[in-house]
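Right, one structure below, let's go through it.
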Amino acid sequence: MSFLNSLSGRVLLALLLGLGLGAFIQLSAADLPWLVSTADAVGGIWLGGLQMTVIPLVLALLVVGVAAVSDALSAGRLTARAIGWFVGLLVVTITITLIAYPLILSLWPVDAASAAALIVGSTGADAPPPPQPIEFGVWLRSLAPTNPVTAAAENAILPLVIFALFFAFAITRLAEAQRTLLVSFFDAVADAMIVIVNWVLKVAPIGVFALALTLGLRGGLGSTGALLHYVILVSSGCILVALAAYPLATIFGRVPLGQFARAVAPAQVVAFSTQSSLGTLPVMVERAVDYLHIPERVAGLVLPLAVAIFRMTSPVANLGVVFFICHVSGIQPSVGQLIAAGVVAFAVSISSVGLPGQVSFFVSISPICLAMGAPIELLPLLLAVEVIPDIFRTVGNVSADLAVTAILNRGEQAIAPDDA
């Protein structure tokens, strides 16, 4: 019963009820066009409530996130090395992800009928509009927006992200009083947007029920195979991140495989049950100190920093969601769009850490959808089944955090004799 009392449980129940009711009405051959239009309108209003916060929230979070990283870099050598490892691992992970997901989906495609039912039920269109080819030179010139306000209005997310990053780094160069004022302003903007998103999410069961009802009325139960495919696809990516933590700790941290496995297992269990990296932090510190023999000063600095600004599964899962949407929509992203998706995935993975799960889902994935030209109408339905991939997101993050801590501890041991 506790699961059904949570937002994730209510949203998942709303999806099942809406999809089942819609499929039953469709099978009964009842002609209810007013019901389709009403459910579509209700779901569209709810989705619009989420969309209106994406641009200001991403802008504000990037400014605050860059300021936080800048502060951390000035805190000492160990912190700078930690951020270097975080950035390096994210870049490598994103590069592999951009190559792996298209390959996986080409070898293991979503059932065509199920994909069509999902698209028809979600958008009402028989097929997505054909993608418009973009000349690479034109795309390259668009990265420097002549008018950031126009870029925001047109949902040109990558030029907006690039402007936001330049603006954020410029703020870090200002005098302390000006810097504090601007960072506090954007922090307040982000908090205000999160309040709005939380208001919208309070009625998420209604919005998801309406969208699922529309899906069932238009496509019956044909889309369930595609949703199951999505869960397996994204969960598998997060599981691979968790598994990658073991060779990372063994090869770069010089920790015996069995020792690391025994140390990380209890933290993974807590992560699995709480779906919260922050909630798992005390266990991670305890396992790092007592079982990996990492000094408390190292574990006490690196692990909270990792929880604050580093989630290794974030780009893997977020890009997986968008690649799935592109796949079922028949969209073939260009090289430019793939580069844009990678840059945006990196930016939002740093800036949106610490947000509630449902808020983070929309804030992290919507900009990547805009960068790759993917329709965001599918996101509410995928949110309803996100509870399963979210478990493995957290398990992967916790595993990676402990692996990086072990790597940094070995570096500190190597540096200490030189200093002496």
Side-chain angles (χ1 to χ4, degrees), residues 6-19 22 34-62 64 118-119 121-125 149 151-157 160-161 164 186-218 227 318 321-322 325 329 344 348 351-352 354-371 373-387 390:
S6 67
L7 178 61
S8 297
R10 295 195 301 271
V11 169
L12 181 58
L13 181 61
L15 171 72
L16 297 176
L17 290 176
L19 191 59
W34 63 269
L35 183 58
V36 176
S37 61
T38 302
D40 195 32
V42 172
I45 292 172
W46 179 75
L47 179 59
L50 289 169
Q51 286 181 257
M52 70 180 181
T53 64
V54 170
I55 295 298
L57 187 52
V58 168
L59 176 62
L61 287 173
L62 280 173
V64 175
L118 185 62
I119 291 298
S122 302
T123 65
V149 177
E154 295 176 350
N155 286 332
I157 194 67
L160 183 67
V161 165
F186 281 103
D187 196 21
V189 170
D191 288 343
M193 291 299 105
I194 291 172
V195 170
I196 295 175
V197 172
N198 282 324
W199 286 345
V200 178
L201 288 175
K202 286 184 183 296
V203 294
I206 298 175
V208 170
F209 175 81
L211 292 170
L213 179 62
T214 305
L215 180 63
L217 289 169
R218 288 172 173 163
L227 292 174
N318 295 341
V321 175
V322 181
I325 294 174
S329 302
V344 174
V348 299
S351 63
S352 63
L355 296 179
Q358 291 80 14
V359 177
S360 177
F361 184 83
F362 281 96
V363 173
S364 301
I365 298 173
S366 297
I368 305 174
C369 284
L370 296 175
I376 66 173
E377 286 80 6
L378 296 182
L379 289 182
L381 298 172
L382 301 182
L383 170 65
V385 295
E386 177 64 15
V387 60
D390 192 43

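- Taking CG of L217 as the reference point, atom CG of L19 lies at 10.0 Å (rounded to 0.5 Å).
- The side chain to side chain contact (heavy atoms under 4.5 Å, CB included) check on V203 picks up W46, I206, with sequence neighbours excluded.
- Closest approach of A190 to L61, counting heavy atoms only: CB-CD2, 4.0 Å.
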Discussion item. Go through it in stages, so that I can follow the logic: the residues are N318 and V322, the test is side chain to side chain contact (heavy atoms under 4.5 Å, CB included), and I'd like the CA-CA distance, side-chain angles, deciding distance and then a yes or no.
Written reply: CA-CA 7 Å; N318 295 341; V322 181; 5.8 Å; no
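- Here CG of L215 is found 13.0 Å from CD of E377. Values are rounded to the nearest 0.5 Å.
- Between A210 and A39 the shortest heavy-atom distance is CB-O, 3.4 Å.
- Across all non-hydrogen atoms, the minimal contact from S364 to V348 is O-CG2, 3.5 Å.
- A side-chain contact (heavy atoms from CB on, under 4.5 Å) with V197 holds for exactly one of V195, L201, V200; it is L201.
- Contact between L15 and A212 at its shortest, heavy atoms only, is O-CB, 3.5 Å.
- Take L59 and apply the side chain to side chain contact (heavy atoms under 4.5 Å, CB included) test, not counting sequence neighbours, and it matches A164, F186.
- Scored by the side chain to side chain contact (heavy atoms under 4.5 Å, CB included) test, L17 finds L13, F209 as partners (sequence neighbours excluded).
- How far CG of D390 is from CZ of F361: 9.5 Å, rounded to the nearest 0.5 Å.
- Nearest heavy-atom pair across A371 and V344 is CB-CG2, 4.1 Å.
- Scanning both residues, L211 and G44, for their nearest heavy atoms gives CD2-N, 4.4 Å.
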